[in-house]
There are 2 protein chains.
Amino acid sequence: MTEVPAVEARQTGSQRVVSYFKERILRGHLKVGDRVMPERELAQELNVGRPLLREVMKSLVMLGFLDVRQGSGTYIARADIRVLSDFFTFCLSQEQDILEDVMQARMAIECQAIRLACERANEADLSRIGQWLSALIETLGDPEAGGRADFMFHQSIVAASHSRSLTTLYGAMSELLQRSHVQRRATTYRNPNIVRVLVEAHREVFLSIVAKDADQADRRLREHFAIGDDLRRKSLIETYRSGLERKLN
Amino acid sequence: MTEVPAVEARQTGSQRVVSYFKERILRGHLKVGDRVMPERELAQELNVGRPLLREVMKSLVMLGFLDVRQGSGTYIARADIRVLSDFFTFCLSQEQDILEDVMQARMAIECQAIRLACERANEADLSRIGQWLSALIETLGDPEAGGRADFMFHQSIVAASHSRSLTTLYGAMSELLQRSHVQRRATTYRNPNIVRVLVEAHREVFLSIVAKDADQADRRLREHFAIGDDLRRKSLIETYRSGLERKLN
DNA sequence: TGGGAGCATTGGTAAGACCAATGTAGTCCG
DNA sequence: CGGACTACATTGGTCTTACCAATGCTCCCA
């Protein structure tokens, strides 16, 4: 783990605790659901104080590696993607412009997922995507609900890839992405022409999945993203123009 | 963060500490490089004992949020991608088959990154990619060094995207990916025909970046991945055949 | 003016104490 | 005999106090 000593042969107590868990988890001696030795006993075995042991174990809890139950014991946890989500949220708080760049990661994942969805989607997957397409159409006048339906449409496509890596990464970014969807909706929902174009684009995406055409699905999805990009460009131009006119007044 | 209380109005000490940091970091009151109040003082202000405060802060250190210097103080850290790397490593240890699926995430990121690289790569980027292509060719007989050069070739492409999200995600998977590269090399380096095809595929990838043709670059990269897939399929067939012949003997 | 020493500050760690939650075993009653 | 309740043991949660280790700052001397 990140606190492994770089050079020092003799480990600090803290490092010994980290190593104890890292080794046993990574080598499979401790598996999901396995119970860890009680704190007092483990502290003794590792020759550290209990507070130190608890510090490290608290860290592992928050990293999602351990699951602690008071009165019962400490168990190896199943990996929890909220850790990734927290991490991305933290990154965003450091760089206010990152939401724009996260779109690149979003496109990466969705375009790969849609290719897999063309191979792997079952009837339930297709039905779900179709339902969210309908929901998207029904909520055109409402940026909040529409944004959510839009997000769920996309999320269903990623789920239809049946790839744990892709769904994990997408899930990690879902908070950021939902925010992004609502924002994009808020800039578009009043213009009927744009709304119609967007609905058509989503429909084409869905149809290409049904047709199991991976290249076309990828292309349609990228076209769909490009509509949003054009939108934002026009919106900036208008903002700039009206800003100028206000200055001249 | 993941330990925020679901229902309880009155927070435990532990939760108060988490909230203290979450609020200040996410709202920008504490920025990268800012120094945090000393432990004893902060413990008093939050009405908790120092060991408890230290537990939470240790967690935040391992999540990459804080940087602690003994004798100096605690500072808000710059996000550290090694946290993601640890997390993926942990996930892998839980599911032995995940390395295969990580390839999907790899393809997602690289195919999006190569599109961006076609727009954004500067002379230094292109030069670096070219150098790793040469290194790859020079190390054809050595799976270890060749695997590394192969990985670095790909990593340079992702870096040329100049997208923080993509480079962050790719960095998080880099340990897994390097392992994957070495393994793939170990199954191919003895067959001159396959090696020649692979070298050509890498060269085509590079040339399409230089040509700034995003669609072609994407396509070439996918073709390159497909060669590896064919390889593995053939390898499985042979394994199955020789397994059968051994049974008949 | 620069270097060294001393002291204050801040983090690192431990022992011991006590509280909170859970699990287990034993007993009693229907 | 089975289920419910109680008591106690176990395990985690938290705190106080003490001491050690590392860094930074200030003052004094050459």
Side-chain angles (χ1 to χ4, degrees), chain A residues 1-21 24-25 30 33-77 80, chain B residues 1-21 24-25 30 33-77 80:
Chain A
M1 307 204 171
T2 55
E3 224 179 330
V4 174
V7 179
E8 193 163 327
R10 178 149 187 83
Q11 294 186 308
T12 63
S14 180
Q15 289 156 351
R16 281 203 302 283
V17 178
V18 171
S19 296
Y20 174 88
F21 281 102
R24 278 158 185 76
I25 293 178
L30 284 177
D34 284 359
R35 186 165 174 280
V36 177
M37 197 185 302
E39 287 182 359
R40 290 172 177 89
E41 212 175 298
L42 187 52
Q44 200 160 22
E45 171 159 332
L46 296 176
N47 204 30
V48 297
R50 192 167 152 234
L52 179 59
L53 179 81
R54 289 183 52 82
E55 280 183 30
V56 176
M57 282 169 75
K58 179 78 169 182
S59 308
L60 299 177
V61 168
M62 285 186 69
L63 277 165
F65 296 0
L66 298 183
D67 174 28
V68 168
R69 292 174 224 151
Q70 182 176 350
S72 172
T74 300
Y75 302 83
I76 305 298
D80 180 359
Chain B
M1 309 207 172
T2 55
E3 222 178 336
V4 176
V7 179
E8 194 162 329
R10 178 149 187 87
Q11 293 186 310
T12 62
S14 180
Q15 290 156 350
R16 283 202 302 282
V17 178
V18 171
S19 296
Y20 174 88
F21 282 102
R24 280 158 184 74
I25 293 178
L30 285 175
D34 285 358
R35 186 163 172 280
V36 177
M37 197 183 302
E39 288 182 0
R40 291 171 177 88
E41 211 177 300
L42 186 53
Q44 201 162 22
E45 170 158 333
L46 295 176
N47 205 27
V48 296
R50 193 168 151 231
L52 179 58
L53 179 82
R54 288 183 53 81
E55 279 181 32
V56 175
M57 283 170 73
K58 179 80 171 181
S59 307
L60 298 178
V61 168
M62 286 187 70
L63 277 164
F65 296 179
L66 297 183
D67 174 28
V68 169
R69 293 174 223 151
Q70 182 175 349
S72 169
T74 299
Y75 302 83
I76 304 297
D80 182 356

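Below, all heavy atoms of this structure are taken into account, side chains as well, without hydrogens, waters or symmetry copies. To find a chain, count down the sequence lines: A is the first, B the second, and so on, and within it residues start at 1.
Nearest to the side chain of Ser72(A), among dG13(D), dC15(D), dG23(C), sits dG23(C). Between dG12(C), dC15(D), dG12(D), one nucleotide has an atom nearer to the side chain of Val48(B) than all others, and that is dC15(D). Closest to the side chain of Arg54(A), out of dG12(C), dT14(D), dA20(C), is dT14(D). With dT14(D), dA21(C), dT11(D) as the choices, the nucleotide that has an atom nearest any side-chain atom of Arg35(A) turns out to be dT11(D). Of the listed nucleotides (dT11(D), dG11(C), dG13(D)), dG13(D) has the atom at the smallest distance from the side chain of Val68(A). Checked against dT11(D), dA14(C), dG13(D), the side chain of Pro51(A) finds its nearest nucleotide in dA14(C). The side chain of Thr12(B) has dT14(D) as its nearest neighbour among dG13(D), dA14(C), dT14(D).
For dG12(C), the OP1/OP2 oxygens have no side-chain nitrogen or oxygen of Ser14(A) closer than 4.0 Å. Close to dT22(C), at under 4.0 Å from its OP1 or OP2, lies no side-chain N or O of Arg69(A). Contact check, Thr74(B) against dG11(C): a side-chain N or O comes under 4.0 Å of OP1 or OP2.
Using a 4.0 Å heavy-atom distance criterion, Gly71(A) is classed as a base contact. Counting non-hydrogen atoms under 4.0 angstrom, Arg40(B) reaches a base of the nucleic acid.
For the pair Lys58(B) NZ and dG12(C) P, the interatomic distance rounds to 7 Å; values are reported in whole Å. dA14(C) atom P lies 12 Å from atom CG of Leu42(A), rounded to whole Å. Atom pair Glu55(A):CD and dG12(D):C1' shows a separation of 16 Å (rounding to whole Å applied). Separating the CG atom of Leu66(A) from the P atom of dT11(D) is a distance of 17 Å, rounded to the nearest angstrom. Atom CG of Leu53(A) is separated from atom P of dT13(C) by 12 Å (rounded to the nearest Å). Distance, Gln70(B) CD to dT9(C) C1': 12 Å, rounded to whole Å. With rounding to whole Å, Met62(B) atom CE is found 14 Å from dG12(C) atom P. dT13(C) atom P lies 17 Å from atom CG of Leu52(B), rounded to whole Å.
Judged by distance alone, the side chain of Arg50(B) and the main-chain N or O of Arg40(B) form no donor-acceptor pair under 3.5 Å. Here the side chain of Arg24(A) pairs a donor or acceptor atom with the backbone of Tyr20(A) at under 3.5 angstrom.
Looking at every heavy atom in both residues, Met62(B) comes nearest to Leu60(A) through CE-CD2, 4.4 Å. The shortest heavy-atom contact between Ser14(A) and Lys58(B) is OG-NZ, 2.8 Å.
Looking only at atom types and distance, the side chain of Gln11(B) has a donor-acceptor partner in the side chain of Ser19(B) under 3.5 Å away.
Between the side chain of Arg50(A) and the base of dG13(D), at least one donor-acceptor pair of N or O atoms lies under 3.5 Å.
Put simply, CG on Leu52(A) and CZ on Arg16(A) are 8.5 Å apart, with the number rounded to the nearest 0.5 Å.
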